[in-house]
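What follows is one structure encoded as structure tokens, with my remarks underneath.
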Amino acid sequence: MTVHDKAHELGRTLRNSEEYQAFLAAKKNLDSDITSKTMVQDFFKKKLAAEYDIMAGNPENKEKSQELQKMYELIVLNPKARDFIHAHMRFQQLAADIYKIIGDAVAEGMDLFGKE
């Protein structure tokens, strides 16, 4: 079995995972409610913008952080939005774990600026 075959197998396993299936179900449920979907989209847009600012070296904007916190507090009161956010976080954690496992497996060869 080649590396590509294993990758395809991993893709199928992910697609059939409990985390991904819960994410798809939560997304379908969210898509049925435009108000909830807009709330989640606005939250993710603002969250991503705040993360980009920090990655660009800008200090954390307390006002934006408080706005995100208030948005999240509203989201958890909305079952469709809350379920989507939680399912999204669980699937993202699974994906991050897989990326780390793969990265750790090839870390030695990828360490261009390693120990000299």
Linking I/L/V/M/F/W/Y whenever any side-chain heavy atoms sit under 4.5 Å apart, do Met55 and Leu48 land together? yes
Give every residue pair that meets the salt bridge (charged side-chain N to carboxylate O under 4.0 Å, His left out) criterion with at least one member in residues 4-18, sequence neighbours excluded. none
With rounding to the nearest 0.5 Å, note down the distance linking CG in Asp97 to CD1 in Ile102. 11.5 Å
Taking the basic N atoms (NZ, or NE/NH1/NH2) and the acidic carboxylate oxygens, is any pair closer than 4.0 Å for Asp42 and Lys46? no
Can you measure from CD (Glu51) to CG (Leu68) and round to the nearest 0.5 angstrom? 8.5 Å
Return the OH to CG distance between Tyr99 and Asp104, rounded to the nearest 0.5 Å. 15.0 Å
Separation between CD of Gln66 and CD of Glu63, rounded to the nearest 0.5 Å: 7.5 Å
Please output the side-chain donor-acceptor pairs of residues 73-83 that fall under 3.5 Å, not counting sequence neighbours, one pair per line with the distance.
residue : atom : partner : partner atom : Å
Glu73   : OE2  : Gln69   : NE2          : 3.2
Asn78   : OD1  : Ser36   : OG           : 3.2
Asn78   : OD1  : Lys80   : N            : 3.1
Asn78   : OD1  : Ala81   : N            : 3.0
Asn78   : ND2  : Ser36   : OG           : 2.8
Lys80   : NZ   : Ser32   : OG           : 3.3
Arg82   : NH1  : Val76   : O            : 3.1

Salt bridge (charged side-chain N to carboxylate O under 4.0 Å, His left out) pairs, two or more places apart, involving residues 21-40: Lys27-Asp31, Asp31-Lys37
What's the separation between atom NZ in Lys47 and atom OH in Tyr52, rounded to the nearest 0.5 Å? 11.5 Å
In one Ile/Leu/Val/Met/Phe/Trp/Tyr side-chain cluster, 4.5 Å: Met89, Leu14: yes
Atom CG in Leu24, atom CG in Asn29: separation rounded to 0.5 Å? 12.5 Å
All ring pair (Phe, Tyr, Trp, His ring centres under 6.0 Å) counterparts of Tyr20, not counting sequence neighbours: Phe91
Contacts of Glu60 that satisfy side chain to side chain donor-acceptor pair (under 3.5 Å) - sequence neighbours left out: Ser65
Only counting residues at least two apart or in another chain, list the ones meeting ring pair (Phe, Tyr, Trp, His ring centres under 6.0 Å) with Phe44. His88
Evaluate Ile85 against Phe43 for side chain to side chain contact (heavy atoms under 4.5 Å, CB included), listing each step before the verdict. CA-CA 10 Å; Ile85 294 284; Phe43 175 75; 4.0 Å; yes
Side chain to side chain contact (heavy atoms under 4.5 Å, CB included) for Asn61 and Asp53? Distances and angles first, verdict last. CA-CA 9 Å; Asn61 183 318; Asp53 281 348; 5.8 Å; no
